[in-house]
Amino acid sequence: MINEKSRVRFAPSPTGYLHVGGLRTALYNYLFAKKNNGTFILRIEDTDRNRYVEGAVENLIKAINWAGLNFDEGPEAGGDFGPYMQSQRLHIYKKYADELIAKGKAYYCFCTPERLKTLKEEQEKQKLPQAKYDKHCLHLSNEEVEKNLKAGIPKVVRLNVIQNHTIKFDDVIREHVEFESNNIDDQVLIKSDGYPTYHLANVVDDHLMKITHVIRGEEWLSSTPKHVLLYDAFEWERPIFAHLPLLLNPDKSKLSKRQGDVAVEDYRDKGFLKEALINFVALLGWNAGDDKEFYYLDELINSFSLERVNKSGAVFDLQKLHWLNAEHLRKKSIAELLEMLKTEIQKSKFKSQNYSDNFLTLVIEAMKERVSFIKEFIDTCPYFYEAPTEYEQKAVEKNWNIETPEHLKKLKEEFASLNNPTKEDFEHSLTKVSEELNLGKGKLIHPLRLAVSGQSTGPGMFDLLFILGKDEVLKRIEAAIKKISV
RNA sequence: GGCGCGUUCGUCUAGUGGCUUAGGACACCGCCCUCUCAAGGCGGGGAUCACGGGUUCGAAUCCCGUACGCGCUACCA
């Protein structure tokens, strides 16, 4: 291990989408690799033919790339140890399974599913502490095995777990962990369809691909002793294990589809920034030990260490994600926001309108501090894009009285006299009118805002007037006077 | 049931024997700013550090037990 470059892998099974927990696992692997000048590998664990999903691998890669993580080796990135699809490596697993059988560390099992089922039921009836395979086929003679093989009887290969042995291993996050071998089943290594199970494929591939650190979810901790047994049986050096805490639902169960969005595609489609998702997910189970909460990916690489990963599960808290999204949005340049807003407009009902960059830039500057999502540059302030068709009822009741139309008419006249008014010009005019009427500026501003935007909240009044422009403002005041009645 | 892992404000967490009347962040509440809403600033409530025993002059921090939660317990990963 000394002087060897770190090599880590993200090894998902292709279920059709990228789980946010998977994203975090991928991220920690990526951060670890980049921090240590190592290699980040994608390996697809597609050994369950029943769960094959069309297009899943492409989706997975797309989602991870969207998040900004790139692989150094993998199905698309290439590399010296491929193929990186386990379904294409069947002959390799077979070879190693044979090696294990020859060593007596594994054996053929011809038991039918029916026998296995009744065995399990009997064991449960006897209230045995641990239901396990009874090693029945381990005791078959060589002749019987040969005979069954020749006859083509369906078979699996099982790991021959030795008894009365304590299996010990170290984990960067859990420290020292021990299991009694008597509690471990003679795990199937090769299924009757010839495909390997996760346990065999995983260990063989991690070894062959020279993986130095196995960084994966805590749900794998319980099967790690099986993996350790395999490494020992092959007489291979074990990798360093790091089992990550789980991501949790608000009720503390393992984060699942049933209780909300779980696919990174869902968050992407809802308008979350990749920067925010990455930042958020990085902080679920890890921190640098300081008070820093806002991170970009390259900063995470700098600060990351496996030793500082927490032990306990973390609830996926949408509120904090929202906050981070707003924070990252505000840190974006006007130019970036402009591009994003333009594509957002293409998805909106205003797509046929042709707004100038200049106009949209003004909208962005006015709204930047007031939004958490790009789409809110449209949704929360539609009045920039079209005249209000209705007026917030509560605000009408509060700010519109019998004298309001007169006041607005006066304002309108004053505005009409302006030539190419700036924001300051609008303000001077309003101040002038408020003095003439002997009214507080607020008494004019609130109804004016309502008339011009239909809403009671929004950016600074004079910014709003300036962005809309004199002609539009005059038109809207006129319309409001006609439409709003007390 | 068995095995394993975990347990600090509602949530994410800092904390590795005295600096802690347990710190920060999100959320919540109030005040300031102010034409509104945000943003920003200031402040507040909120954790008997799961519980019970030890060890120690001293424990959230070390040890033991209990409880609770979660994970695994497939020819799924």
Side-chain angles (χ1 to χ4, degrees), chain A residues 11-15 45-51 86 109 111 113 116 120 124 127-132 154-158 171 173-174 177-180 182-185 187-199 201-202 216-225 243 245-246 248-254 280 283-294 310-324 326-327 330 367-372 380-381 395 399 427 430 434 440-446 448-450 453 455-462 464:
Chain A
S13 63
T15 54
E45 311 236 327
D46 56 345
T47 55
D48 185 355
R49 289 191 300 175
N50 301 320
R51 286 220 268 176
Q86 291 185 330
C109 171
C111 289
L116 262 20
K120 195 172 180 180
E124 267 163 24
K127 298 223 185 275
L128 248 50
Q130 171 82 7
K132 283 195 309 183
K155 59 173 192 299
V156 301
V157 176
R158 286 183 184 274
D171 184 289
I173 296 159
R174 315 280 149 188
V177 187
E178 295 188 0
F179 288 82
E180 291 305 320
N182 292 7
N183 289 321
I184 296 169
D185 203 358
Q187 183 65 48
V188 169
L189 266 17
I190 301 275
K191 298 181 261 187
S192 59
D193 64 3
Y195 278 66
T197 56
Y198 172 87
H199 308 287
N202 184 264
R216 66 203 341 176
E218 195 195 326
E219 67 267 29
W220 293 111
L221 191 59
S222 298
S223 32
T224 303
H243 286 93
L246 259 20
L248 272 24
N249 291 310
D251 73 355
K252 308 263 187 186
S253 57
K254 188 168 144 185
F280 176 59
L283 258 20
L284 289 176
W286 170 86
N287 71 82
D290 53 24
D291 291 337
K292 190 171 163 69
E293 303 267 358
F294 184 92
N310 297 136
K311 293 171 161 61
S312 53
V315 173
F316 197 88
D317 173 26
L318 266 334
Q319 283 185 319
K320 195 148 188 178
L321 214 208
H322 268 91
W323 172 72
L324 276 172
E327 290 290 303
R330 285 184 203 113
M367 295 303 293
K368 203 177 171 184
E369 302 296 318
R370 284 166 245 264
V371 302
S372 301
T380 65
C381 48
N399 296 314
E427 182 159 10
L430 187 135
S434 81
K441 288 208 277 186
K443 293 277 182 229
L444 288 177
I445 286 174
H446 293 301
L448 178 60
R449 176 184 297 284
L450 189 58
S453 74
Q455 297 184 188
S456 60
T457 64
M461 189 69 249
F462 306 107
L464 178 54

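The figures that follow rest on heavy atoms only: side chains count, while hydrogens, waters and symmetry mates do not. Proteins come first, then strands; the chains are lettered A, B, ... in the order of their sequence lines, and each starts at number 1.
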- Under a 3.5 Å limit on both distances, the Watson-Crick or wobble mate of B:A67 is B:U7
- Query: Looking at the side chain of A:E369, which of B:U36, B:A25, B:A38 is the nearest nucleotide?
  - Reply: B:A38
- Message: By nearest heavy atom, map A:L128 and A:Q319 onto RNA chain B; which one lands nearer the 5' end?
- Response: A:L128
- Tell me: NE2 of A:H322 to C1' of B:A38, nearest whole Å? 16 Å
- Message: Looking at A:N249, is its backbone amide N or carbonyl O close enough to the side chain of A:S253 to form a donor-acceptor pair, meaning the two atoms are under 3.5 Å apart?
- Response: no
- Task: Specify the separation, in whole Å, of atom CG of A:D290 and atom P of B:U13.
- Result: 15 Å
- Item | Spacing between A:K292 atom NZ and B:U13 atom C1', to the nearest angstrom | 16 Å
- Query: Between A:F316 and A:F280, what is the ring plane arrangement, given parallel below 30°, perpendicular above 60°, and tilted in between?
  - Reply: perpendicular
- Item | Counterpart base for B:A60, defined by Watson-Crick or G-U wobble contacts under 3.5 Å | none
- Touch check for A:T457, heavy atoms < 4.0 angstrom, all strands: base, sugar-phosphate only, or nothing? base
- Task: Look through every strand shown and name the nucleotide pairing with B:U21 as Watson-Crick or G-U wobble, where both distances are under 3.5 Å.
- Result: none
- Message: Distance check needed: B:G4 C1' versus A:N183 CG, whole Å only.
- Response: 10 Å
- Query: Once you round it to whole Å, what is the distance between P of B:A77 and CH2 of A:W220?
  - Reply: 8 Å
- Paired with B:C72 by Watson-Crick or G-U wobble geometry, both distances under 3.5 Å: which nucleotide is it? B:G2
- Looking across every strand, which nucleic acid part, if any, lies under 4.0 Å from A:K252 by heavy atom: base, sugar-phosphate, or nothing? sugar-phosphate
- From B:C5, B:C76, B:G2, pick the nucleotide closest to the side chain of A:R174? B:C5
- Task: Have a look at A:N310 and say if it touches a base, only the backbone sugar-phosphate, or nothing, with a 4.0 Å heavy-atom cut-off.
- Result: sugar-phosphate
- Message: Mind checking if A:V156 touches a base, just sugar-phosphate, or nothing, with heavy atoms under 4.0 Å?
- Response: base
- Item | Close side-chain approach of A:R216 and A:T224, heavy atoms under 4.5 Å | yes
- A:L464 has an atom CG; how far is it from atom C1' of B:C37, in whole Å? 12 Å
- Item | Donor-acceptor pair (no angle test) under 3.5 Å: A:R51 side chain, B:C76 base | yes
- Message: Which nucleotide, if any, forms a Watson-Crick or G-U wobble pair with B:G30, using both distances under 3.5 Å?
- Response: B:C42
- For A:Q455 and A:T380 the tightest heavy-atom approach is NE2-O, 3.5 Å
- Task: Look at atom NZ of A:K191 and say whether more than 12 heavy atoms of other residues, nucleotides or ligands are closer to it than 6.0 Å.
- Result: yes
- Message: Within the 4.0 Å heavy-atom criterion, would you say A:E124 contacts the bases, only the backbone, or no part of the nucleic acid?
- Response: nothing
- For A:L221 and B:U73, what is the distance between atoms CG and P respectively, to the nearest whole Å? 13 Å
- Message: Mind checking if A:P196 touches a base, just sugar-phosphate, or nothing, with heavy atoms under 4.0 Å?
- Response: sugar-phosphate
- Query: How long is the line joining NZ of A:K120 and C1' of B:C75, in whole Å?
  - Reply: 12 Å
- Query: Does A:I445 reach the side chain of A:F462, with side-chain heavy atoms less than 4.5 Å apart?
  - Reply: yes
- Opposite nucleotide pairing with B:U16, Watson-Crick or G-U, both atom distances under 3.5 Å: none
- Could you check which nucleotide pairs with B:C35 in any of the strands shown, counting Watson-Crick or G-U wobble with both distances under 3.5 Å? none
- Residue whose nearest RNA chain B nucleotide is more 5′ - A:R330 or A:F462: A:F462
